[in-house]
Amino acid sequence: MEYDFLNEGTRTIPDTFYPVEKLQRFIHLGIVKSYAKGSAVILPGDKEYLLIYVLSGKVQINMVTEEGRQRLVYFCGKNGIMGRIFQTNNDNAYATAIEKCRVCFFSKEQLLTIFQTDCDIYFEIIKNGFSKTLYFMKQTVEMELYNPAVRIVRLLYGLCISNGIPVGDSYEVRLELSQKRISEISGVHFVTVSKVLAFLIKQKIIEKKKGKVIIHDLDRLKELTFEKRLF
DNA sequence: TCATTAAGCATCT
DNA sequence: AGATGCTTAATGA
């Protein structure tokens, strides 16, 4: 299957990144486990496995500080990988299943066997890593240059460009995007997210329905991405 | 301008 | 009844 690199390059939400489908063929070498929704897949300090591969469902990766504060890092869905190759002692990441899921754990020895069998996978894993790097580089710039309210607008605009499906004169972004999720992804407070969405809905620029966001006025939304501030 | 806190309402399970 | 999601208002940085 040909992968959509362009879309990957303009990724707007940190989910799965570059899927490594080819790993499917090697899961018999690793250890496959199933997890119920809400259970812990990786605990802070877990160091046994270098690569964790999601076969189905979805996992959420968080980082936690010394004081116990936590922050979403990314989501990992089907064919996504959680690379733990360059772990240090203080990257307190943990992962929980946000959907019932199956994941496969690979040790260093198992990975070496896989690379020797199919070195393409090696590059696929590197691509996944760079995809994440690119996303977080963009995030750094985004955080530096735009204020929180405008970031929400930019997130919606980006989603429309990358995932928007034309329906009549509008576009639909078919994603389960609660305000809580938007808040977690963008780093903008949930109360502010609520205000920005209310503003956009009132101006009839967007509409929010169960499981989708409808963009009625993409031109206006684009204009707002250039604004210094919204309110 | 936005984060924080608090309080209240609606919907779902 | 409790959890979840959203809104509004007050306050402070």
Side-chain angles (χ1 to χ4, degrees), chain A residues 12-16 34-43 54 56-77 92-101 135-160 162-165 167 170-218 220-231:
Chain A
T12 40
I13 52 174
D15 193 342
T16 309
S34 293
Y35 293 90
K37 181 178 176 177
S39 54
V41 178
I42 306 170
L43 293 169
V54 175
S56 67
K58 191 164 284 192
V59 175
Q60 173 172 332
I61 294 86
N62 295 308
M63 292 196 98
V64 53
T65 65
E66 295 84 351
E67 322 105 80
R69 308 223 304 168
Q70 35 187 304
R71 169 73 160 93
L72 165 78
V73 188
Y74 64 95
F75 303 102
C76 190
N92 279 324
Y94 72 98
T96 52
I98 53 169
E99 291 169 14
K100 177 175 177 284
C101 65
Y135 174 83
F136 290 106
M137 285 196 284
K138 286 186 167 189
Q139 268 299 98
T140 306
V141 175
E142 189 78 10
M143 294 287 220
E144 180 69 30
L145 296 183
Y146 301 96
N147 75 11
V150 177
R151 286 211 303 275
I152 301 303
V153 172
R154 292 174 55 80
L155 176 67
L156 291 170
Y157 180 72
L159 278 173
C160 190
S162 59
N163 297 39
I165 300 157
V167 176
S170 308
Y171 296 88
E172 287 187 9
V173 176
R174 292 173 190 154
L175 282 175
E176 276 297 342
L177 266 187
S178 66
Q179 295 190 359
K180 184 180 182 324
R181 275 266 183 282
I182 295 175
S183 168
E184 286 171 334
I185 292 166
S186 61
V188 178
H189 196 267
F190 70 94
V191 177
T192 307
V193 174
S194 174
K195 284 175 187 161
V196 173
L197 290 186
F199 170 83
L200 294 173
I201 290 165
K202 202 170 175 183
Q203 306 237 333
K204 299 205 191 314
I205 297 168
I206 68 164
E207 190 183 342
K208 210 158 176 319
K209 289 198 175 170
K210 178 79 184 160
K212 65 183 174 187
V213 182
I214 305 168
I215 289 88
H216 288 305
D217 194 344
L218 187 59
R220 184 78 189 108
L221 192 66
K222 186 176 183 177
E223 280 173 27
L224 291 177
T225 64
F226 303 136
E227 297 290 325
K228 272 255 181 279
R229 54 169 170 266
L230 273 200
F231 311 115

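Numbered from 1 within each chain, the chains take letters A, B, ... in sequence-line order.
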Query raised in the report: For A:Y74 and A:Q60, does a side-chain donor sit closer than 3.5 Å to a side-chain acceptor?
Result: no
Would you list the atom pairs, donor with acceptor, under 3.5 Å between side chains in residues 194-203 of chain A and any protein atom, with sequence neighbours excluded?
none

Query raised in the report: Rounding to a whole Å, what distance do you find between A:E227:CD and B:dC2:P?
Result: 13 Å
Query raised in the report: Given atom NE2 of A:H189 and atom P of C:dG5, what is their separation to the nearest angstrom?
Result: 15 Å
Query raised in the report: Nucleotide by nucleotide, 5' to 3', does protein get under 4.0 Å of the base (B), only the sugar-phosphate (S), or neither (-) in nucleotides 6-13 of chain C, counting heavy atoms?
Result: SSBB----
Query raised in the report: Do side-chain atoms of A:S186 reach the backbone of A:I182 as a donor and acceptor pair under 3.5 angstrom?
Result: yes
Query - Atom-pair distance (NZ on A:K209; C1' on C:dG5), nearest Å - result: 19 Å
Query raised in the report: CD of A:E184 versus C1' of B:dA3: gap in Å, rounded?
Result: 17 Å
Requested in this report: Measure the spacing between CG of A:L145 and CZ of A:R151 and express it to the nearest 0.5 Å.
Outcome: 10.5 Å
Query raised in the report: Taking only residues two or more places apart in sequence, or in another chain, which ones meet A:K210 in a salt bridge (charged side-chain N to carboxylate O under 4.0 Å, His left out)?
Result: none
Query raised in the report: Which whole-number value in Å describes the distance from A:K228 NZ to B:dT1 P?
Result: 13 Å
Query - OP1 or OP2 of B:dA3 under 4.0 Å from side-chain N/O of A:T192 - result: yes
**Report entry** Main-chain N/O of A:G38 paired to A:T96 side chain as donor or acceptor, under 3.5 Å
**Finding:** no
